[in-house]
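These notes concern the structure reproduced below.
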Amino acid sequence: MADEALVKNKQVVLKNYVNAGLPKESDMEIKEKSIQLKVPEGTKDSILVKNLYLSCDPYMRNRMKKLEDSYVPSFEPGSAISGYGVAKVVDSTHPEYKNGDLVWGMTGWEEYSLLTVPGLLFKIQHTDVPLTYYTGLLGMAGMTAYAGFYEICTPKKGEYVYVSAASGAVGQLVGQFAKLLGCYVVGSAGSKEKIDLLKNKFGFDEAFNYKEEPDLDAALKRYFPEGIDIYFENVGGKMLDAVLLNMRVHGRIAVCGMISQYNNDKPEATHNLMYIIPKRVRMQGFIVSDFYHLYPKYLEMVIPCIKEGKIKYIEDVAEGIESAPTALIGLFIGRNVGKQLVVVSRD
């Protein structure tokens, strides 16, 4: 094999497990290795990809811990971390992929990745929309919003919908899907800039800054005097406790995430669960990968909405793989506005 095919490959590497507390940029490092731009001889059904865009997602916090019995494995200290991304196929021994194909799915946080199990990849068919959308709106975050809202919450026109962490990658979409269906939608977020976006860009009926509400129960009663039919849960903790006091009879809660708890040594207790009994509330956790079979159906719905301007999407873009650790940590202190992604390469 020709030496000129050997290239430098910068990687984001986890130094050690971070089992409690807020992770820091210094828990990760950029390492430079080298890689041959060819699938190794005799390696079947594999592809080598050039990573273009990486997705920063809250679930990645738990992968920094030493996990037992988890739906997703821990990162390996000393190795490149992995996550969702958009990539271009450089070499392939897989019958379904050829050089130049664009894909999204699980890849390494590095410039080039050898993927020996490309089962977690989707070929990108629609290239008349921004490729970055496949880190969010047309990727995992979009499917999460779609599955959680339509499949778990079974919404009906006119229902009262509340979304926490509403300006994030998933929340901004749930609110817009609910509005398209004719629901009343309120979102919460943690800054004035985010509240303005929710009301003026994403079309939420109301929005509030949870940091300015000493009494979350009172805040929810102000915005939902009739109670909440659907709660899309991204936060957990005190917010979930307040919501449980305000659910309507036969309400539904889709538990997508609990970002307020990921850095805690011990999870906060939930005190108001008993209210789901008299209100007959259905509360269900879900994992997006259980719903990927619906991806073609989701694209059928959402691509026309994008082209007609019915769905807006905000991205927070960090430039260069060196910026990836800072971008990821920013999720846990609310620094990002919209979908956080990292540009590794634009071609």
Side-chain angles (χ1 to χ4, degrees), residues 45-47 49 51 53-76 79-87 94 96-97 101-109 113-126 132-154 163 165 168-174 177 232-236 252-259 261-262 282-303 313 328 331 339-341:
D45 294 341
S46 299
I47 59 174
V49 299
N51 292 310
Y53 306 104
L54 301 176
S55 171
C56 297
D57 295 298
Y59 81 91
M60 295 173 76
R61 170 63 189 94
N62 283 333
R63 297 189 69 191
M64 293 179 167
K65 302 174 182 176
K66 188 158 179 50
L67 298 172
E68 308 289 338
D69 190 32
S70 171
Y71 73 96
V72 64
S74 299
F75 295 137
E76 281 291 323
S79 299
I81 67 175
S82 59
Y84 284 92
V86 175
H94 194 292
E96 289 175 29
Y97 297 94
D101 280 352
L102 291 164
V103 295
W104 75 268
M106 271 290 166
T107 189
W109 273 39
S113 295
L114 176 66
L115 304 177
T116 51
V117 190
L120 284 173
L121 286 182
F122 297 84
K123 263 196 210 178
I124 292 174
Q125 313 288 0
H126 300 271
T132 54
Y133 278 9
Y134 289 93
T135 67
L137 169 56
L138 295 176
M140 186 267 281
M143 270 306 298
T144 302
Y146 178 76
F149 185 62
Y150 290 105
E151 298 293 315
I152 307 286
C153 293
T154 56
V163 186
V170 174
Q172 58 174 295
L173 291 174
V174 174
F177 293 163
F232 199 97
E233 165 68 303
N234 290 311
V235 170
R252 286 86 72 208
I253 299 175
V255 185
C256 172
M258 292 194 176
I259 199 168
Q261 304 301 299
Y262 295 162
R282 179 164 55 80
M283 185 172 173
Q284 183 176 340
F286 71 102
I287 300 295
V288 65
S289 53
D290 292 345
F291 295 91
Y292 277 151
H293 62 283
L294 298 176
Y295 185 59
K297 188 178 160 192
Y298 171 59
L299 288 182
E300 270 176 40
M301 181 208 89
V302 81
I303 294 274
Y313 202 61
L328 180 58
L331 288 181
K339 168 68 203 170
Q340 182 68 65
L341 65 107

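Residue numbers run from 1 in the order of the sequence given. Every value quoted in this text rests on a predicted model; they were computed, and no experiment measured them.
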Identify the two heavy atoms, one from [X] and one from [Y], that lie closest to each other, and give their separation to 0.1 Å.
X	Y	value
L67	P73	CD1-C, 4.5 Å
A145	V174	CB-CG2, 3.7 Å
G148	A254	O-CB, 3.7 Å
Y313	A169	OH-O, 3.3 Å
L114	S46	CD1-CB, 4.4 Å
P58	L331	N-CD1, 3.6 Å

Query - V170, L173, V235, N234 screened by side chain to side chain contact (heavy atoms under 4.5 Å, CB included) with V163, the one that passes - result: N234
In Å, rounded to the nearest 0.5 Å, how long is the span from [atom1] of [X] to [atom2] of [Y]?
X	Y	atom1	atom2	value
M106	M140	CE	CE	7.0 Å
Y146	F177	OH	CZ	9.0 Å
R252	F149	CZ	CZ	9.0 Å
L115	N51	CG	CG	7.5 Å
I152	C256	CD1	SG	10.0 Å
S74	I81	OG	CD1	12.5 Å

Taking the side chain as C-beta and beyond, is there a heavy-atom pair between [X] and [Y] under 4.5 Å?
X	Y	answer
I303	Q125	no
Y71	Y59	yes
V86	T132	no
V72	N62	no
K297	Y150	no
Y292	F122	yes
R282	T154	yes
H126	Y134	yes

Query raised in the report: Does any pair with a residue in residues 56-73 pass salt bridge (Lys or Arg N to Asp or Glu O under 4.0 Å), and if so which ones, sequence neighbours excluded?
Result: D57-K339
Query raised in the report: According to the interplanar angle, ranging from 0 to 90°, do the rings of Y97 and H94 count as parallel (below 30°), tilted (30 to 60°) or perpendicular (above 60°)?
Result: perpendicular
**Report entry** Validation row, ring centre F75 to ring centre W109 under 6.0 Å
**Finding:** no
Query raised in the report: Counting distance only, does the side-chain N/O of Y295 pair as donor-acceptor with the main-chain N or O of L138 below 3.5 Å?
Result: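 Judged by distance alone, yes, a pair lies under 3.5 Å.
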**Report entry** Exam field: side chain S113 to backbone V49, donor-acceptor pair closer than 3.5 Å
**Finding:**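 No.
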